[in-house]
Amino acid sequence: MDFKLTEEQSMVKDMCRKFADNELKPKAAHYDKTHEFPWEHVKKLGEMGMFGVVYSEEYNGAGMDYPSYAIAVEELSRGCASTGVIISAHNSLCLSPINYFASPEIKKKVLPKLCTGEWLGCFGITEPNAGSDAAGTTTTAELKNGKWVLNGTKNFITNGGVANVAVVTAVTDKGQGAKGLSFFIIEKGTPGFSVGRTEEKLGICASSTTELVFENCEIPEENLLGKRGDGFKIAMHTLDGGRVGIAAQALGIAQAAFEESVKYANERQQFKQKLSNFQAIQWMIADMATEIEAARLLVYQAATLIGTGERQRYSKYAAMAKLFASEVSHRVTHKAIQIFGGYGYTREYPVERFYRDARITEIYEGTSEIQRLVIASNVIREF
Ligand code: CAA
């Protein structure tokens, strides 16, 4: 067992940490307040290879390993959680199913632009009445005269308003539940495909979260990813990777809250001494540090397993990493506000933003309750 990062992983960590400190941190409050999409960061991160971290250099990807990807999302989220999820949803949710399941022609057409960040991607399975029940999709795709015709609405789609490419599930065989779903790729500009309502959110305010609307949207037959009827499995396979990305995002938010808290505890004086002299504060700091380290080990372990192809193992570890890191992020950002006291509740300091940003990590890409379900079903099957 070796807990040391490789040379490449250390390089990614340093590069993303510097970018977070110099570019993301100084602007994060502005983007949080204005809800503007951070295009300036997207451009620079594209040049850094962050839009195709694990994908082949043949497609302009950076060709790195999964732990490097998790480290990148962690460090970027430490600077700006919205930027973290823009990167995570693009890499894990949009590019992964294209990379695994699209035809060589489609891959050649879209991946080179997606991997550089010239194009952004999104993933749509959620619908107004199909959240945790991902197989409850009602969007339909009918094959007519050699074209798939899509009708329906997806919601809560990260990168929805800015994406050039969407990958979505739709019912192709009614009445067959999960086995009746298929997976499609659609390009922006396709007639019948539009962006619907934009959500106003509690946190991650600079990320775009919208509806995707399909109204008799015709796409070529070859835009089916994988086989007809495999859509649910492709979505689950994709979410295994996505959950590691969100776990890394949660970890980065927790780390940022922790660092700010220790700095503040060393500066702020009450009762004629530094806050960090008080045992009540020291205990909070000790718990934060310990939980963050434990979450980091789980996130890196899950990321290491993704590349192995051992589906059931990484499905379980991805769920464990997402569950644990998101709940740690919640507890750590909660304590951060406590350490800052009244100031922590104001916009003068970033900890209230960390608290708001952390909350969604317990919900998207599967709620904590769904992660427990995935973990339990895998654990029980192992006995
Ligand atoms: N990889 C591949 N296949 C998988 C799989 C995986 N990880 N997990 C399950 N499958 C397969 C199973 O093998 C099974 O196939 P067979 O019938 O051939 O055996 C099939 O899928 C059905 O599996 P289950 O019976 O286990 O499915 P279930 O209905 O009991 O449970 C669920 C499914 C875990 C509840 C699932 O619906 C789920 O994960 N729900 C949460 C959805 C979710 O995470 N949504 C997030 C939206 S995306 C988002 O938030 C993005 C964003 O913008 C940031």
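Atoms within a ligand are numbered from 1 in the order they appear, just like the ligands themselves. Numbering starts at 1 and runs along the sequence shown. Owing to the predicted nature of the structure, the values given are computational and were not obtained by experimental measurement.
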Are more than 12 heavy atoms from other residues, nucleotides or ligands located less than 6.0 Å from atom CG of D133? yes
Name the residue from L114, L111, N99 that meets the side-chain contact (heavy atoms from CB on, under 4.5 Å) definition with Y55. N99
Do you see a donor-acceptor pair shorter than 3.5 Å between the side chains of T210 and E199? no
Just which atoms of ligand 1 are under 4.0 Å from any heavy atom in L93? 51 (C), 52 (C)
N or O contact, K233 vs ligand 1, cut-off under 3.5 Å: yes
Path from L95 to V85 over hydrophobic side-chain contacts below 4.5 Å: no
Exactly one candidate in T138, T169, N155 meets side-chain hydrogen bond (donor to acceptor under 3.5 Å, both in side chains) with E127; the answer is T138
Honestly, for E127 the part within reach of ligand 1 (heavy atoms, under 4.0 Å) is neither
Just to be sure I read this right, does ligand 1 sit under 4.0 Å from the backbone of T209, its side chain, both, or neither, counting only heavy atoms? neither
Would a line drawn from the ring center of F101 to the ring center of H237 be shorter than 6.0 Å? yes
For A134, the ligand 1 atoms with a heavy-atom partner under 4.0 Å come out as 37 (O), 42 (C)
From atom 42 (C) of ligand 1, work out which of A235, G131, S315 has a heavy atom at the shortest distance. G131
Quick test: of every protein heavy atom, which one is nearest to atom 48 (S) of ligand 1, and how far off is it to 0.1 Å? F123 CE2, 3.8 Å
Proximity to ligand 1 by part of T158, non-hydrogen separation under 4.0 Å: both
May I ask you to identify the nearest protein heavy atom to atom 41 (C) of ligand 1, giving residue, atom name and distance to one decimal place in Å? S132 O, 3.4 Å
Right, does atom 25 (O) of ligand 1 have protein non-hydrogen atoms nearer than 4.0 Å? no
Pick one of side chain, backbone, both or neither for how D133 approaches ligand 1, counting any non-hydrogen atom pair under 4.0 Å. neither
Hey, does the side chain of Q301 reach the backbone of Y317 with a donor-acceptor pair shorter than 3.5 angstrom? no
Proximal ligand 1 atoms for T126, defined as those under 4.0 Å from one of its heavy atoms: 47 (C)
So which heavy atom in the protein is nearest atom 13 (O) of ligand 1, and how far is it from that ligand atom? R311 NH2, 3.5 Å
Taking atom CZ of F278 as the centre, report whether more than 12 heavy atoms of other residues, nucleotides or ligands fall under 6.0 Å from it. yes
Any idea which atoms of ligand 1 are less than 4.0 Å away from a heavy-atom of Y364? 50 (O), 54 (C)
Under a 4.0 angstrom heavy-atom cut-off, which atoms of ligand 1 come close to K179? 16 (P), 17 (O), 18 (O)
Please state which part of F232 comes within less than 4.0 Å of ligand 1, counting heavy atoms only: side chain, backbone, both or neither. side chain
Between I285 and F258, is any pair of side-chain heavy atoms under 4.5 Å apart? yes
Test item: protein heavy atom less than 4.0 Å from atom 32 (C) of ligand 1: no
